[in-house]
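One structure is given below, encoded as structure tokens.
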Amino acid sequence: MENNNTRRNFLKQTAILSTGTIIGSSLFNSVLAAENNLKTENQVLEPENFDFQGNYSLPKLPYSYDALEPHIDKATMEIHHSKHHQAYVTNLNKAIETLDKNLVEHSKSLENIFEKMSKFPEAIRNNGGGHYNHSLFWSLMKPNGGGTPKGKLGDAIMSTFGSFDEFKKQFSDASMKRFGSGWAWLVVQDGKLVIGSTANQDNPLMRLRGKGLKGKPVLALDVWEHAYYLKNQNRRADYIASFWNVVNWDEAEKLFNS
């Protein structure tokens, strides 16, 4: 396992505030940078030191825009990261400015917001989810990724689904069957691995009214058309097949064990 300093590096990249203050969230602390080119200071503030007077910012990718080719093309990665993800960050900051001060003071991380999602407006749900989901998604891919998961996660996949091929089939099916825009997920729910999907920028950490996928994210796949249309047009299945070649199973393993 990587050391705690490396964990801090990715946390800072996913949640740096304009004042230098960072979000300290138990989930973000479990997300690890895939490459050493994320150079940040070795400082992580606890959640109680979080100040919403700062701004969220776009995290750097732990690899270059063309690093996932030929599976995920450079143009898509650049637009997806610098335009789509940036828009979620920008709009999240704007939405936070409109919140009641008391609500802000009691919501010190995105994870904390998700736990109280029904109390927040749609703009926070959509843009906070978009920022979190994409930050996690980038970390779950890497150049020369793919293959089969090892360690405890690999064992759990075999135990739950019978084989890695069956797991891939079920995850791919969930990705294909998500109508319109959304995400496919592998989560830990009540100690067991569960596959499911969420609409738009929702995620399994959000406490929303009604039924829905809940759990600790281990693997995520963005199935919005902007994630694949430039290369694959309407062929979502081709994009899903490409994803298996760039999965960062080391990151997924760390999330599973956290």
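Any value given below was found using the heavy atoms of this structure, including those in side chains, with hydrogens, waters and symmetry copies removed.
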**Study point:** Minimal non-hydrogen separation, G215 against L205, with atom names
**Key:** O-CD2, 3.6 Å
**Study point:** Sequence-distant partners of D155, salt bridge (Lys or Arg N to Asp or Glu O under 4.0 Å), two or more places apart
**Key:** none
**Study point:** Test salt bridge (Lys or Arg N to Asp or Glu O under 4.0 Å) applied to D173 - qualifying residues, sequence neighbours left out
**Key:** K169
Just wondering, are more than 12 heavy atoms of other shown residues or ligands nearer than 6.0 Å to [atom1] in [X]?
X    : atom1 : value
R235 : CZ    : yes
D100 : CG    : yes
K214 : NZ    : yes

Using side-chain heavy atoms (C-beta onward) and a distance below 4.5 Å, is [X] in contact with [Y]?
X    : Y    : result
K74  : S64  : no
L255 : L140 : yes
Q201 : W183 : yes
F243 : L219 : yes
T160 : F167 : no
I157 : L193 : yes
P204 : Q189 : no
V246 : P143 : no

Output side-chain donor-acceptor pairs under 3.5 Å for residues 225-232, partner residues at least two apart or in another chain, one line each.
from : atom 1 : to   : atom 2 : distance (Å)
H226 : NE2    : H80  : NE2    : 3.3
Y228 : OH     : R236 : NE     : 3.3
K231 : NZ     : P70  : O      : 3.2

Exercise for review: For F161 and F171, run side-chain contact (heavy atoms from CB on, under 4.5 Å): C-alpha distance rounded to whole Å, both residues' side-chain angles, the deciding distance at 0.1 Å, then the answer.
Suggested key: CA-CA 11 Å; F161 302 102; F171 189 92; over 6 Å; no
Review point. For the residue pair H81 and H85, does the interplanar ring angle fall in the parallel (under 30°), tilted (30 to 60°) or perpendicular (over 60°) class?
Key: perpendicular
Check your understanding: Taking the inter-plane angle between the rings of H131 and Y56 on a 0 to 90° scale, is it parallel (under 30°), tilted (30 to 60°) or perpendicular (over 60°)?
Key -> perpendicular
Point to revise | Verdict with supporting geometry, L136 and W185, side-chain contact (heavy atoms from CB on, under 4.5 Å) | key: CA-CA 11 Å; L136 185 63; W185 303 89; 4.0 Å; yes
I need the [X] [atom1] to [Y] [atom2] distance, nearest 0.5 Å.
X    : Y    : atom1 : atom2 : result
S175 : Y239 : OG    : OH    : 8.5 Å
L58  : K83  : CG    : NZ    : 11.0 Å
T90  : N127 : OG1   : CG    : 9.0 Å
L208 : L213 : CG    : CG    : 11.0 Å
D222 : H134 : CG    : NE2   : 4.5 Å
L110 : I124 : CG    : CD1   : 9.0 Å

Practice item. Determine which pairs satisfy salt bridge (charged side-chain N to carboxylate O under 4.0 Å, His left out) with at least one residue from residues 117-128, sequence neighbours left out, and list them in order. Key: E122-R125, R125-D202
Exercise for review: Mind running side-chain contact (heavy atoms from CB on, under 4.5 Å) on T76 and Y65 for me, showing each step along the way?
Suggested key: CA-CA 8 Å; T76 294; Y65 286 136; over 6 Å; no
Check your understanding: Going through the distances and angles, do H71 and L68 end up as a side-chain contact (heavy atoms from CB on, under 4.5 Å)?
Key -> CA-CA 6 Å; H71 312 293; L68 304 181; 5.6 Å; no
Review point. Taking the hydrophobic residues Ile, Leu, Val, Met, Phe, Trp and Tyr, and joining any pair whose side-chain heavy atoms are under 4.5 Å apart, which ones share a cluster with M158?
Key: none
Between [X] and [Y] (side chain of the first, backbone of the second, donor and acceptor by atom type, cut-off under 3.5 Å), is there such a pair?
X    : Y    : result
E253 : K152 : yes
N248 : S139 : yes
K216 : S258 : yes
D73  : E69  : no

Check your understanding: When clusters are formed by joining ILVMFWY residues with side-chain heavy atoms under 4.5 Å apart, either directly or through shared neighbours, do V223 and I79 land in the same one?
Key -> no
Exercise for review: Sequence neighbours left out, what passes side-chain contact (heavy atoms from CB on, under 4.5 Å) with K192? Give chain and number order.
Suggested key: none
